[in-house]
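The block underneath contains the structure these notes are about, expressed in structure tokens.
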Amino acid sequence: MTTDRVSVTVLLTIGDQAEIVATDVPAAERAEPERYPLAEISEATGVPAARLPGTRLTAVVGDDDRLSGWQRA
């Protein structure tokens, strides 16, 4: 199991989801934003859900390419 940590940004929130984009790669090479549970990110970082858009974070990339282990950058 790898524990790669990547830099990400919360683009926006939609309902109970946050759209996340990796910022470790050039913009032209970035994948589409992915959605993650807003409450999970807010609880892990201590940032209120309403203030998450625009927030820079780091996260661990799991073997399944899903992010977890959210921390403020």
Side-chain angles (χ1 to χ4, degrees):
M1 181 172 137
T2 61
T3 56
D4 291 333
R5 186 162 282 281
V6 295
S7 296
V8 299
T9 298
V10 179
L11 293 179
L12 53 92
T13 59
I14 300 171
D16 64 350
Q17 300 287 303
E19 283 206 349
I20 305 293
V21 65
T23 56
D24 284 347
V25 295
E29 297 175 21
R30 288 183 193 153
E32 293 293 317
E34 294 188 27
R35 290 187 182 180
Y36 289 88
L38 186 56
E40 174 187 319
I41 299 168
S42 181
E43 183 177 317
T45 61
V47 177
R51 293 188 178 208
L52 276 173
T55 302
R56 293 176 185 208
L57 307 170
T58 64
V60 173
V61 180
D63 290 336
D64 60 356
D65 290 332
R66 292 291 294 171
L67 301 176
S68 62
W70 309 98
Q71 294 180 352
R72 292 188 217 193

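Position 1 is the first residue of the sequence, and the numbers go up from there.
- Remark: Glu40 engages no residue in a salt bridge (charged side-chain N to carboxylate O under 4.0 Å, His left out) (not counting sequence neighbours).
- The ring-ring contact (aromatic ring centres under 6.0 Å, His included) pairs that include a residue from residues 14-41 are Tyr36-Trp70, where partners are two or more places apart or lie in different chains.
- The hydrophobic cluster containing Leu57 also contains Val61, counting ILVMFWY residues as joined when their side-chain heavy atoms lie under 4.5 angstrom apart, directly or transitively.
- Screening residues 50-60 for side chain to side chain donor-acceptor pair (under 3.5 Å) gives Arg5-Thr58 as the qualifying pairs, with residues at least two apart or on separate chains.
- Applying the ring-ring contact (aromatic ring centres under 6.0 Å, His included) test to residues at least two apart or on different chains, none of the pairs has a partner in residues 9-35.
- With contacts defined as side-chain heavy-atom distances shorter than 4.5 Å, the pair Val60/Leu67 does not qualify.
- Within the structure, salt bridge (Lys or Arg N to Asp or Glu O under 4.0 Å) contacts touching residues 64-73 (residues at least two apart or in different chains) are Glu34-Arg66.
- For the pair Pro33 and Leu11, the tightest heavy-atom approach, listed with the atom from each and the gap, is CG-CD1, 3.6 Å.
- Using a 4.5 Å cut-off on side-chain heavy atoms (C-beta onward), Leu12 and Val10 make no contact.
- With contacts defined as side-chain heavy-atom distances shorter than 4.5 Å, the pair Leu52/Thr45 qualifies.
- When all heavy atoms are compared, the tightest approach of Ser42 to Ala49 is OG-N, 3.5 Å.
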Can you give me every donor-acceptor pair (side chain of residues 18-25, partner residue at least two apart or in another chain, under 3.5 Å) with its distance?
| from | atom 1 | to | atom 2 | distance (Å) |
| --- | --- | --- | --- | --- |
| Glu19 | OE2 | Arg35 | NE | 3.0 |
| Glu19 | OE2 | Arg35 | NH2 | 3.1 |
| Thr23 | OG1 | Ser7 | O | 3.2 |
| Asp24 | OD1 | Ser7 | N | 3.3 |
| Asp24 | OD1 | Ser7 | OG | 3.2 |
| Asp24 | OD2 | Ser7 | N | 3.0 |

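- Here the CD1-OG distance, from Ile41 to Ser68, works out to 11.0 Å after rounding to the nearest 0.5 Å.
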